[in-house]
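Computed from a predicted structure; not experimentally measured.
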Amino acid sequence: MKLHIFSIVYWAAAAKAEGFGQHVMFQVATREGVQEFVPKLAMLVRKYAISLLRGDDSAFRSVLEFQARQHADEIKHGNLRIVRGKAEAAWHARDYAQVVELYGPVREDLTKVEAKKLAYAEQQTRQN
């Protein structure tokens, strides 16, 4: 199983402190970029991955579980973006049955506005 330095830094709750999310990290295309990147990567490994490199099974399992949850969340959020786009189009087309079909399975993840739209769409489909 692969571990990504991004997952390790997020697992260590240090993403904000390291500037993750504020700019693109570790994307290099030149020799100079590589020369700048490698020391930064080494510093992150020294700060956050030493227990993993020493073979700490507990830390390794913890990072793997964190990475798996992170991946599942990314998939969930990606799927929600798709559902939201389709549901918004259905809402504007007044296709309330489609709104119910799309929003129903993700009810727990809806915003307040989306939940109100779902309730309205359910009411409209019951009346028809």
Review point. How far apart are the closest heavy atoms of W11 and S62, and which atoms are they?
Key: NE1-OG, 2.7 Å
Review point. Between I8 and Y48, what is the shortest heavy-atom contact and its length?
Key: CG2-O, 3.5 Å
Point to revise | CZ-OH distance between R84 and Y103, expressed to the nearest 0.5 angstrom | key: 7.0 Å
Check your understanding: For V38, which residues count as a side chain to side chain contact (heavy atoms under 4.5 Å, CB included) partner, sequence neighbours excluded?
Key -> V34
Review point. Taking everything shown except H4 itself, do over 12 heavy atoms lie less than 6.0 Å from its NE2?
Key: yes
**Study point:** Interatomic distance, K2 atom NZ to Q67 atom CD [nearest 0.5 angstrom]
**Key:** 9.5 Å
Practice item. Could you pull out all residues at least two apart from V100 that satisfy side chain to side chain contact (heavy atoms under 4.5 Å, CB included)? Key: L118, A121, E122, T125
Exercise for review: To the nearest 0.5 angstrom, please state how far the NZ atom of K40 sits from the CD1 atom of I5.
Suggested key: 13.5 Å
Exercise for review: Check for a donor-acceptor pair, side chain of Q70 on one end and backbone N or O of S7 on the other, with a separation under 3.5 Å.
Suggested key: no
Point to revise | Qualifying residues under side chain to side chain contact (heavy atoms under 4.5 Å, CB included), relative to K16, sequence neighbours excluded | key: none
**Study point:** Gap between atom CZ of F60 and atom CG of L53 - 0.5 Å precision
**Key:** 10.5 Å
Check your understanding: What are the two closest non-hydrogen atoms of P39 and Q35, and how far apart are they?
Key -> CD-O, 3.0 Å
Revision key, fill the gap. Sequence neighbours excluded, the answer for ring-ring contact (aromatic ring centres under 6.0 Å, His included) partners of Y120 is W91, Y96
Check your understanding: With R46, which residues qualify under side chain to side chain contact (heavy atoms under 4.5 Å, CB included), at least two apart?
Key -> A42, M43
**Study point:** Contact list for residues 55-76, test salt bridge (Lys or Arg N to Asp or Glu O under 4.0 Å), sequence neighbours left out
**Key:** K76-D109
**Study point:** Between Y10 and F66, ring centroids under 6.0 Å
**Key:** no
Point to revise | Point-to-point distance, once rounded to the nearest 0.5 Å, from CG of L3 to CG of L52 | key: 6.5 Å
